[in-house]
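This report refers to the structure that appears directly beneath it.
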2 protein chains.
Amino acid sequence: MHKRPRNGSTTAQITATLREEIIAGILPPKAPLRQQALAARFQASRMPVRESLQILAREGLVTWPTGRSARVAPLDPAELREISEMRMIAESLALRLSVPAMSDHDLAHARSLHAAAREADSRQFAALNSAFHQAILAPCNRPRLLAHIEELGKLSQRYLMVAVNDLGYAPRSHDEHSRILAACKARDADQACRLLERHITAASTALLAHLTPLAD
Amino acid sequence: MHKRPRNGSTTAQITATLREEIIAGILPPKAPLRQQALAARFQASRMPVRESLQILAREGLVTWPTGRSARVAPLDPAELREISEMRMIAESLALRLSVPAMSDHDLAHARSLHAAAREADSRQFAALNSAFHQAILAPCNRPRLLAHIEELGKLSQRYLMVAVNDLGYAPRSHDEHSRILAACKARDADQACRLLERHITAASTALLAHLTPLAD
DNA sequence: GTAACCGTAATTGTATCCAATACTCCGAAC
DNA sequence: GTTCGGAGTATTGGATACAATTACGGTTAC
């Protein structure tokens, strides 16, 4: 009955599932997230549900005004701009530290992810896109910075889903990734950072232009 | 008995208190934070205590391996370096956006905080130092970026306490603040960012040099 | 149409219980 | 003396039930 065999972490599972569904848009912006309902859905008690909601609220995927229901955070162009600015500086710093530290193995890994993205459908594209960024940044050896970048990536992924589907942005992104990878191979950190910053800016402005007419 | 009159948020109070005590060093690094003990101390149940611990864990002030007791996060020179790097880029971005947006009122506020810091003792110094940074950055109008900077500030404050007390760093910091403020008044964002970056780097390297011999 | 009101429902917090895991301490083997 | 292992305790993760407060929605009165 109440004999959950201490799997790993109930909270972690609930958090991961909700996060995916929010990012994928299955749970639309402003959808209410009621504790009882979620507890029933995941066959858990309210405690792990509340912890999940708190985590997601701190990540920014959920708004949780005290006393009211938690809700999926709304999509806000101003927020996308801010997130993109933050990604730009954070990824640029990470890449600058990463390029001199990249091993041949790291480069090969990035290359293979990049190759896989060429033939991916739009559902896989987001994941491969993230993975590529992670791959070229990870050698910087800054766990906190990388965690920060990953969170920002998840936030922007919500907006990105729209672009890939509606704008067919994948080919352009793939092309920009090629050039960044080449700069990494040439160990040209400055050039790589410049390209990465432009890559993020370009995606952001394209998205903003596409998103602004969508009023909430 | 169990009639807590819905003050506001029990969790928020517990979190704030613990955070202060961790930053101030009252709770030393690696000190265990047991749920029962904290619940008894704050006359609350374990639920708000757990939520507080989770918040602090996500902020980085507490480590909480699943299944074991939460502990005050250890002081780690590598982490200080990383946090300083992140503060540098984040505050630089914020300042660059803030300088053109600063009103005379904003400048006056920063000036008054700066003046107050001159005559502050070392206990007040940390708070005024934070407040000054917040004051010159807030006009950038980027809530998420500012929240990120505030978190980083709290993390570095733990390390800073050592420096102010042991190194007498306050006068130097005050001098650097003067020059940053002057650049803001002159609306020279580039110069202000350069000075701010140097300010953070200088504090970081001084702290690192002082901290490295202190092995855990 | 708007404002006040009331009943329902949702949230916050408490108390208590259970199972599984982590920790501690002490004795035995080397 | 040091290390290894096991029993017993402490602590955590989670469930459940309950109390109290507060938001929400619909109805009614004006």
Side-chain angles (χ1 to χ4, degrees), chain A residues 1-19 21-22 27-74 216, chain B residues 1-19 21-22 27-74 216:
Chain A
M1 200 62 83
H2 51 79
K3 250 189 311 180
R4 197 140 315 273
R6 191 60 159 259
N7 272 341
S9 181
T10 315
T11 302
Q13 262 183 306
I14 296 176
T15 308
T17 305
L18 287 180
R19 182 159 40 216
E21 294 186 353
I22 292 172
L27 291 168
K30 296 189 179 176
L33 300 168
R34 300 224 167 69
Q35 300 177 8
Q36 293 282 16
L38 293 176
R41 178 185 158 191
F42 291 104
Q43 305 210 324
S45 70
R46 270 175 39 216
M47 188 176 318
V49 169
R50 291 181 58 162
E51 292 186 350
S52 286
L53 290 176
Q54 211 169 9
I55 291 171
L56 295 171
R58 290 191 63 77
E59 286 181 7
L61 288 170
V62 157
T63 61
W64 196 2
T66 56
R68 265 153 296 170
S69 292
R71 283 171 182 279
V72 177
D216 277 295
Chain B
M1 198 55 105
H2 52 76
K3 247 190 315 180
R4 193 143 313 275
R6 190 57 160 258
N7 272 342
S9 180
T10 315
T11 303
Q13 262 184 306
I14 297 175
T15 308
T17 305
L18 288 179
R19 183 158 42 216
E21 293 186 353
I22 292 172
L27 292 168
K30 296 190 180 175
L33 300 168
R34 300 218 170 75
Q35 299 177 9
Q36 291 284 18
L38 292 177
R41 178 184 157 192
F42 290 104
Q43 305 209 323
S45 68
R46 273 174 47 201
M47 182 170 349
V49 169
R50 289 178 60 167
E51 293 186 348
S52 287
L53 291 177
Q54 211 173 2
I55 291 171
L56 295 171
R58 290 192 62 77
E59 287 180 6
L61 288 169
V62 156
T63 61
W64 198 4
T66 56
R68 264 154 293 166
S69 293
R71 284 171 181 280
V72 177
D216 278 296

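The sequence lines fix the lettering, A, B, ..., with proteins before strands; numbering per chain opens at 1.
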Taking atom [atom2] of [N] as reference, at what distance in whole Å does atom [atom1] of [X] sit?
{"X": "B:Q35", "N": "C:dA15", "atom1": "CD", "atom2": "P", "answer": "16 Å"}
{"X": "A:R71", "N": "C:dA10", "atom1": "CZ", "atom2": "P", "answer": "12 Å"}
{"X": "B:Q43", "N": "C:dT12", "atom1": "CD", "atom2": "P", "answer": "22 Å"}
{"X": "B:Q36", "N": "D:dT12", "atom1": "CD", "atom2": "P", "answer": "7 Å"}
{"X": "A:W64", "N": "C:dA10", "atom1": "CH2", "atom2": "C1'", "answer": "12 Å"}
{"X": "A:Q13", "N": "D:dG14", "atom1": "CD", "atom2": "P", "answer": "10 Å"}

*Given C:dC23, D:dT12, C:dT11, which nucleotide is nearest the side-chain atoms of B:R68?*
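Taking heavy atoms from C-beta onward, the closest nucleotide is C:dC23.
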Quick one: is [N] close enough that its OP1 or OP2 comes under 4.0 Å of any side-chain N or O from [X]?
{"X": "A:S9", "N": "D:dG13", "result": "no"}
{"X": "A:T11", "N": "D:dG14", "result": "yes"}
{"X": "A:S69", "N": "C:dT11", "result": "yes"}

_So A:T63 and A:P74, do their side chains get closer than 4.5 Å, heavy atoms only?_
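The answer is yes; the side chains approach within 4.5 Å.
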*A:L18 side chain reached by A:V62 side chain, heavy atoms, under 4.5 Å*: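 No, their side chains stay 4.5 Å or more apart.
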_Short of 4.0 Å, heavy atom to strand atom, which residues of residues 45-54 of chain A count as contacting DNA chain D?_
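Listed by number, they are A:S45, A:R46, A:M47, A:P48.
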_Check: B:S52 side chain, B:T11 main-chain N or O, donor-acceptor pair, under 3.5 Å_ =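 Present.
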*Side chain A:S69, main chain A:L33, donor-acceptor under 3.5 Å*: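 Judged by distance alone, no pair lies under 3.5 Å.
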*Could you tell me which non-hydrogen atom of B:T17 sits nearest to which non-hydrogen atom of B:R41, and how far apart they are?*
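Smallest heavy-atom distance, with atoms named: CG2-NH2, 3.9 Å.
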Taking distance alone, no hydrogens or angles, what donor-acceptor pairs closer than 3.5 Å link side-chain atoms of residues 53-60 of chain A to residues at least two apart or in another chain?
| unit_1 | atom_1 | unit_2 | atom_2 | d |
| --- | --- | --- | --- | --- |
| A:R58 | NH2 | B:E151 | OE2 | 2.7 |
| A:E59 | OE1 | A:R19 | NH1 | 2.8 |
| A:E59 | OE2 | A:R19 | NH1 | 2.4 |

